[in-house]
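Notes follow once the structure below has been shown.
Remember, it's 1-based here, ligands and their atoms both numbered in the order they're listed.
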Amino acid sequence: MKFFIDTANVDEIIEANDMGIISGVTTNPSLIAREGRDYMEVLKEISEIVDGPISGEVKATTTDCRGMVEEGEAIAAIHQNMVVKIPMTDEGLKAIKILEREGIRTNCTLIFSSNQALLAAAAGASYVSLFLGRIDDINMHGIDLVRELSEIFSVGGVKTEIIAASIRNTIHVTDCALAGADIATVPYKILMQMVSPPLTDAGIVKFQEDYRAVFGDK
Ligand code: E4P
């Protein structure tokens, strides 16, 4: 399973990229709005940091196929690594079909069922984003969707890649890897919890104390 980072914060992206752990980035309108910066400028800056797929979503307020295609073309023009994120709607599916036929990769977002993912794949989407945490939020098991869709795509030989999104904790990450997700897109805070669980931090402190007790600061 590959890792993408799920953020529009360039400092977090630089840190994760420097650690060599991420293969791409996903953003969404909420994440970019949180940065309080120009929408397209943020995407451009991210594309200059990470050499891998960068998902930039059409603006949340654009809901018709034509508008999404126009915005998608503008996002794709930023950099060859840009992937256009399109919401799972009827108009979104039309936009995915057109953009993919133009050679522009798409990531169909806001997917909550295997049927939605199958439709997105049929329309030609390169990626589908399954919102694991938001399914958990309504008292259902988000991971079941990742497992089910992995099996469906595997049995049917579907090439569309599965992105496990809306990851809320480190257990989600392990579960997604076990369930067969191609990619987990993970917030920076959770990536750092994966790097340094408390036992590793405590182990480092103990080694330092034991070392200093005998060797001092040499
Ligand atoms: C992924 O593509 C989405 O942008 C993101 O993972 C949504 O996460 P949330 O449900 O924590 O907002």
Side-chain angles (χ1 to χ4, degrees), residues 1-10 12-13 16 21-37 39-40 42-43 46-47 50 52-63 68 71-72 75-76 81-89 92-93 95-96 99 104-114 116-117 120-121 125-146 149-150 160-177 179 181-194:
M1 185 175 75
K2 289 174 284 188
F3 290 104
F4 288 179
I5 187 167
D6 193 31
T7 184
N9 182 287
V10 292
E12 293 179 350
I13 292 168
I21 56 179
I22 55 163
S23 319
V25 181
T26 53
T27 65
N28 66 37
S30 305
L31 291 170
I32 297 184
R34 196 180 296 165
E35 297 305 306
R37 299 180 49 197
Y39 202 90
M40 299 296 263
V42 172
L43 292 177
I46 294 171
S47 71
V50 178
I54 315 294
S55 285
E57 190 159 341
V58 294
K59 287 170 194 150
T61 45
T62 308
T63 54
M68 285 191 265
E71 276 182 28
I75 290 169
N81 284 340
M82 292 308 301
V83 173
V84 180
K85 214 169 173 191
I86 303 272
M88 174 64 207
T89 61
L93 289 171
I96 286 168
L99 289 168
I104 295 171
R105 286 177 300 165
T106 60
N107 171 358
C108 188
T109 190
L110 288 166
I111 289 196
F112 297 93
S113 75
S114 291
Q116 287 182 313
S126 299
Y127 303 92
V128 284
S129 287
L130 313 185
F131 276 45
L132 188 52
R134 294 194 197 185
I135 295 176
D136 288 0
D137 289 343
I138 56 164
N139 207 22
M140 292 170 69
H141 293 291
I143 196 64
D144 290 348
L145 172 59
V146 180
L149 189 66
S150 296
T160 301
E161 289 194 82
I162 298 173
I163 302 179
S166 188
I167 299 272
R168 301 282 171 76
N169 54 58
T170 55
I171 302 292
H172 271 162
V173 178
T174 313
D175 285 347
C176 287
D182 297 294
I183 297 146
T185 189
V186 184
Y188 178 76
K189 188 177 142 202
I190 295 169
L191 286 174
M192 291 314 292
Q193 287 170 355
M194 292 166 65

* Could you give the distance from CD1 (I183) to CZ (F3), rounded to the nearest 0.5 Å? -> 11.5 Å
* Asked: Excluding sequence neighbours, so at least two apart, what forms side-chain contact (heavy atoms from CB on, under 4.5 Å) with R34?
  -> L31
* To do: State whether a side-chain donor-acceptor pair under 3.5 Å links T62 with E71.
  => yes
* Asked: When you look at Q193 and T170, which way does the side chain to side chain donor-acceptor pair (under 3.5 Å) test go after all the steps?
  -> CA-CA 7 Å; Q193 287 170 355; T170 55; 5.3 Å; no
* Structure fact -> Expected contact list for ligand 1 at under 4.0 angstrom, heavy-atom basis, is D6, N28, K85, F131, R134, A165, S166, R168
* **Positive for side chain to side chain donor-acceptor pair (under 3.5 Å) with T26, one of T109, T185, N107** => T185
* Asked: Which residue, T27, I163, N28, forms the side-chain contact (heavy atoms from CB on, under 4.5 Å) with K85?
  -> N28
